[in-house]
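Structure first, commentary second.
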Amino acid sequence: ALSVGQLVRSIAGRDKGQLYLVLQVERNLLLLVDGRKRNMGNPKQKNRRHVQAVGKVAADFANQLKAGRPPSDVQVRAALLGVEQQNTQS
């Protein structure tokens, strides 16, 4: 099950291979952000079947959203980079 703050990789579409953080989960649709092209003001809508969970969660990103404080794009990029680095170390 995918959750807010989870790192996912796109496996279908023009953005195949791109890493995103899950901003919101709605039934079969996910809202995804990367802090660059897909920022907090323009999240990517993607079908749940078109992404693969990488298995890492950006806890600080998720906690900020749950507290009602949407993170800035700089914070999204930092969280994405931090989760990617954890992924390469393990």
Side-chain angles (χ1 to χ4, degrees):
L2 295 171
S3 62
V4 171
Q6 180 134 22
L7 182 67
V8 295
R9 181 182 318 277
S10 172
I11 57 172
R14 287 181 295 185
D15 61 346
K16 186 175 179 177
Q18 180 73 31
L19 291 173
Y20 294 102
L21 289 176
V22 177
L23 175 65
Q24 193 174 340
V25 179
E26 299 173 0
R27 287 200 156 168
N28 291 330
L29 278 182
L30 302 172
L31 293 182
L32 307 172
V33 292
D34 67 2
R36 289 184 175 85
K37 184 175 180 183
R38 290 304 179 164
N39 53 36
M40 292 296 290
N42 185 28
K44 171 96 176 145
Q45 264 193 2
K46 198 136 179 96
N47 189 311
R48 181 184 289 254
R49 290 179 291 175
H50 296 166
V51 299
Q52 174 184 28
V54 176
K56 301 288 181 182
V57 176
D60 51 347
F61 175 80
N63 291 337
Q64 247 185 310
L65 283 171
K66 286 177 186 166
R69 297 185 321 254
S72 69
D73 292 322
V74 173
Q75 291 169 314
V76 171
R77 288 193 298 269
L80 196 55
L81 186 63
V83 174
E84 283 180 51
Q85 287 174 346
Q86 285 177 2
N87 201 32
T88 57
Q89 290 173 358
S90 52

How about L7 and L21: do any of their side-chain heavy atoms sit closer than 4.5 Å?
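Touching, per the 4.5 Å side-chain cut-off.
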Heavy-atom side-chain contact between V8 and Q52 under 4.5 Å
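Answer no - side chains too far apart.
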Over all heavy atoms of both residues, which pair between [X] and [Y] is shortest? Give the atoms and the distance, please.
| X | Y | value |
| --- | --- | --- |
| L30 | V22 | CD2-CG1, 4.4 Å |
| D73 | G35 | CB-O, 3.6 Å |
| Q75 | P71 | OE1-CA, 3.2 Å |
| L23 | L65 | CD1-CD1, 3.7 Å |
| D34 | R77 | O-CG, 3.7 Å |
| A79 | A58 | CB-CB, 4.0 Å |

Among R9, K37, K46, whose side-chain hydrogen bond (donor to acceptor under 3.5 Å, both in side chains) with D15 holds?
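For D15, the side-chain hydrogen bond (donor to acceptor under 3.5 Å, both in side chains) test succeeds with only one of R9, K37, K46, which is K46.
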Nearest-0.5 Å distance, CG of residue L31 to CD of residue Q45:
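Answer rounded to 0.5 Å: 6.0 Å.
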Taking atom CG of L29 and atom NE2 of H50, what is their separation to the nearest 0.5 Å?
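Answer for the CG-NE2 pair, L29 versus H50, is 10.5 Å.
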Report yes or no: does Q64 contribute a side-chain atom to a donor-acceptor pair with the main-chain N or O of F61 at less than 3.5 Å?
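The answer is no, because no donor-acceptor pair under 3.5 Å joins these two groups.
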Remaining members of V57's ILVMFWY cluster at a side-chain heavy-atom cut-off under 4.5 Å?
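Joined to V57, directly or through intermediates: none.
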Is there a continuous path of hydrophobic side-chain contacts, each under 4.5 Å between heavy atoms, that joins L32 to V54?
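No; V54 is not reachable from L32 via cluster members.
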State plainly whether one hydrophobic cluster holds both L80 and V25, where clusters connect Ile, Leu, Val, Met, Phe, Trp and Tyr through side-chain heavy atoms under 4.5 angstrom apart.
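No.
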Does A53 have any side-chain contact (heavy atoms from CB on, under 4.5 Å) partners at least two apart in sequence or in another chain, and if so, which?
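So A53 forms a side-chain contact (heavy atoms from CB on, under 4.5 Å) with L2, Q6.
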